2 protein chains.
Amino acid sequence: MEPPVSAVPPRITLKDLARELGVSTASVSNAFNRPDQLSPKLRERILSEAQRLGYSGPDAKARSLRTGRSRIIAVVLAETLTYSLNDAVASELLAGIAEVLDVHGHTLLLLSGRQHVSQAPGSANIADGFIVYGLMPSLKVLNDIPAQRPMVAVDFNIQSRPSVHVDNEPASYAVARHALATPPKRPGIINLRLTESPCNGKITAEYTLLAAGQTITRSRLAGFHRALEEQGIDPATVPMWNIEENTFEVCAPVIAEILDLPDDQRPDLLLCMSDRIALTVVTLAEQRGLRVPQDIRITGFDGIAEGQYRSPRLTTVRQDSVEKGRIAARMILGLAPRENRQLLTELILGETCP
Amino acid sequence: MEPPVSAVPPRITLKDLARELGVSTASVSNAFNRPDQLSPKLRERILSEAQRLGYSGPDAKARSLRTGRSRIIAVVLAETLTYSLNDAVASELLAGIAEVLDVHGHTLLLLSGRQHVSQAPGSANIADGFIVYGLMPSLKVLNDIPAQRPMVAVDFNIQSRPSVHVDNEPASYAVARHALATPPKRPGIINLRLTESPCNGKITAEYTLLAAGQTITRSRLAGFHRALEEQGIDPATVPMWNIEENTFEVCAPVIAEILDLPDDQRPDLLLCMSDRIALTVVTLAEQRGLRVPQDIRITGFDGIAEGQYRSPRLTTVRQDSVEKGRIAARMILGLAPRENRQLLTELILGETCP
DNA sequence: CTGAAAGCGCTTACAG
DNA sequence: CTGAAAGCGCTTACAG
């Protein structure tokens, strides 16, 4: 089905090299892997001869079969790789993971829970461990993974596996409480992936929200609602929109619809479930000549760099995604206890909602 | 040295399953890999029994040794993974690569040319092919790669290997020419990684630039210079600064230094070698109450989303990094001829330099 | 369509 | 410190 990556010309193996040198295969192996197991002189000879003959070291495929370990850790991403690689939060998580793996001699294999159908099944199970990021449409990918391999879930839960989270509900509560301290005339909420069936626009009565515990965005909504109630605002009276994908392109039409409402209907405070959403509001508001924060106040969630290295700076709540990645990686490598972890977030007061 | 990832409990193998079912190992293998080689009925029985006994399919380590292919393609990044994952251009490249690999049943292994010393040598050679991105401090990593494996270079050159580039010189010329059509009083250039020894600030006489052909930024400078000369401006009279890493944090102090020059010395046009640099100029200029483009005009290079989904939009030249990744991936998979490619760029007229 | 057997390239006790 | 040998878990001609 797939064309071979290349026709491989004759290749020299460890055995060939041993024969060539008149030593045992064990000595050649030791020359590369256990310097203390042979004389420096012999090792020198083996290594230089290897270089001369174009032998670049033991084959990793054979080594991993023999030792049972590949030194590869897989990250399974709920979204497509294309999306994840361009998302600031996912990128930071990956950076945190990569940092720890690198220091401990492991490498990072990227997999997606939304892979193409032609995806060779089982190619994932080469990895020694798995970090699974976010709720995926189907847990089928996880079935290909041998049950004994370590696995940790990030930002969602897998039955009987450790997980790493942030304190979504208190974090949302904190930012909403700050925003509501200045009473808004018309607050609004822009959710992220919160409906059972796809909805990119206003959430009307016909939509059902995902169940609590299924998604972190449900916890974020709970935090918003708690703050609203505390201010004597009935959450049921606050209009909600939903965004299907955390990108400018997908956010823009929904936000344009909101901002283009008549002055007396347009929200003057928008609580957004991500910085990407909030930043899109800022950009489209500026394009329309709406003043931030005078005409419309905006809050985000995540604390990504793009929201801080600009003007006006985003008011948001910062989660340390890099640290989330580090912790997940340490758990997988057995350097940290495999337990459920919840990281704290930090309220950032920017200019979009002073 | 490194602790094992986990103590693996007893595990069932293909052989065990075959014995259990009273069939040959070939049939079990075929049930998973070649459905046409056995009766649907037997296949059904094997698959269901496998599930019941917790056999999740053939082990990828053994399979890859046996077949000689891992279906893994490695991307070797010149920068650290932490940097690369958070850089828009590198992320787009990776996204383009991942897109093609995914469709063709391959997965993506991330490696860095600046790995930690403890990095297990040779663990890279599990990959079937290598995409090498950017000039790295040392090509040592590449030595561990068997010579027969396909390899393609992106944004730099490796002896006798195909490469993928964009038209850096003409692209820079185009954007500079556009900018210089409105004659500046005091043009300036902000370079990226262009000096032999590290320099984060003004490039003075004591610094030597990297040789032409060594780095793409040298080609970009050539484009700027050609446009300057064409306008009768001697490039030697145009002040140049250098940035060591394409991040806000590293750019900011250099740019602050430039913007804080007295009014009669501050450049009124800055030609920047990346959008990240240009965006940092915009942000810091806004913070200082400088008007863009009235007080200072700014051009970038790359065409990243962040520069376009904001106001003022960046004037820049767009390179299709996603496509660069797609092409490199197709070459590696043997789906496109292994030859040198140069992609065209597109001038984008934004508001930072109308 | 099925089964017996070779062998992919290593690492690692083990005996010397 | 060195060498002979087993075996990691598969896939694939090949014979039936």
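Please read all numbers here as calculations on a predicted model, not as lab measurements. So that the names make sense, note that chain A is the first sequence line, chain B the second, and so on, each numbered from 1.
- Counting non-hydrogen atoms under 4.0 angstrom, B:Asp36 reaches the backbone sugars and phosphates but no base.
- By the 6.0 Å contact criterion, CD on A:Gln37 is enclosed, its count of non-hydrogen atoms from other residues, nucleotides or ligands being greater than 12.
- Using a 4.0 Å cutoff on non-hydrogen atoms, no part of residues 45-60 of chain B comes near DNA chain C.
- A distance-only check finds a donor-acceptor pair linking the side chain of A:Ser91 to the backbone of B:Leu85 [under 3.5 Å].
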For DNA chain C, just give me the dot-bracket, please: Watson-Crick or G-U, both distances below 3.5 Å, ( ) intra-strand, [ ] crossing earlier pairs, | paired with another strand, . unpaired. |||.||||||||.|||
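- Between the side chain of B:His104 and the backbone N or O of B:Val100 there is at least one donor-acceptor pair closer than 3.5 Å.
- In terms of position along DNA chain C, the nucleotide closest to A:Lys61 lies nearer the 5' end than the nucleotide closest to the other residue of the pair A:Arg34 and A:Lys61.
- Remark: the backbone N or O of A:Ile145 is not paired with any side-chain donor or acceptor of A:Asn125 at under 3.5 angstrom.
- From the 5' end on, the contacts that DNA chain D makes with chain B at under 4.0 Å to a non-hydrogen atom open and close at D:dG9 to D:dT12.
- By the neighbour-count criterion of 12 heavy atoms within 6.0 Å, atom CZ of A:Arg341 is sparsely surrounded, having that number or fewer from other residues, nucleotides or ligands.
- In this structure, A:Ile216 and A:Val166 have side chains that are not in contact, with every pair of non-hydrogen atoms separated by 4.5 Å or more.
- Using a 4.0 Å heavy-atom distance criterion, B:Thr25 is classed as a base contact.
- Smallest separation of non-hydrogen atoms from A:Ile46 and A:Ala31: CG2-CB, 3.7 Å.
- B:Leu343 is listed as a side-chain neighbour of B:Lys324, based on a closest heavy-atom distance under 4.5 Å.
- A:Val76 and A:Gly113 get closest at one heavy-atom pair: CG1-N, 4.1 Å.
- The number of heavy-atom neighbours closer than 6.0 Å to CD of B:Gln342, taken from other residues, nucleotides and ligands shown, is above 12.
- The 5' end of DNA chain D is approached more closely, in terms of each residue's nearest nucleotide, by A:Gly22 than by the other of A:Gly22 and B:Leu65.
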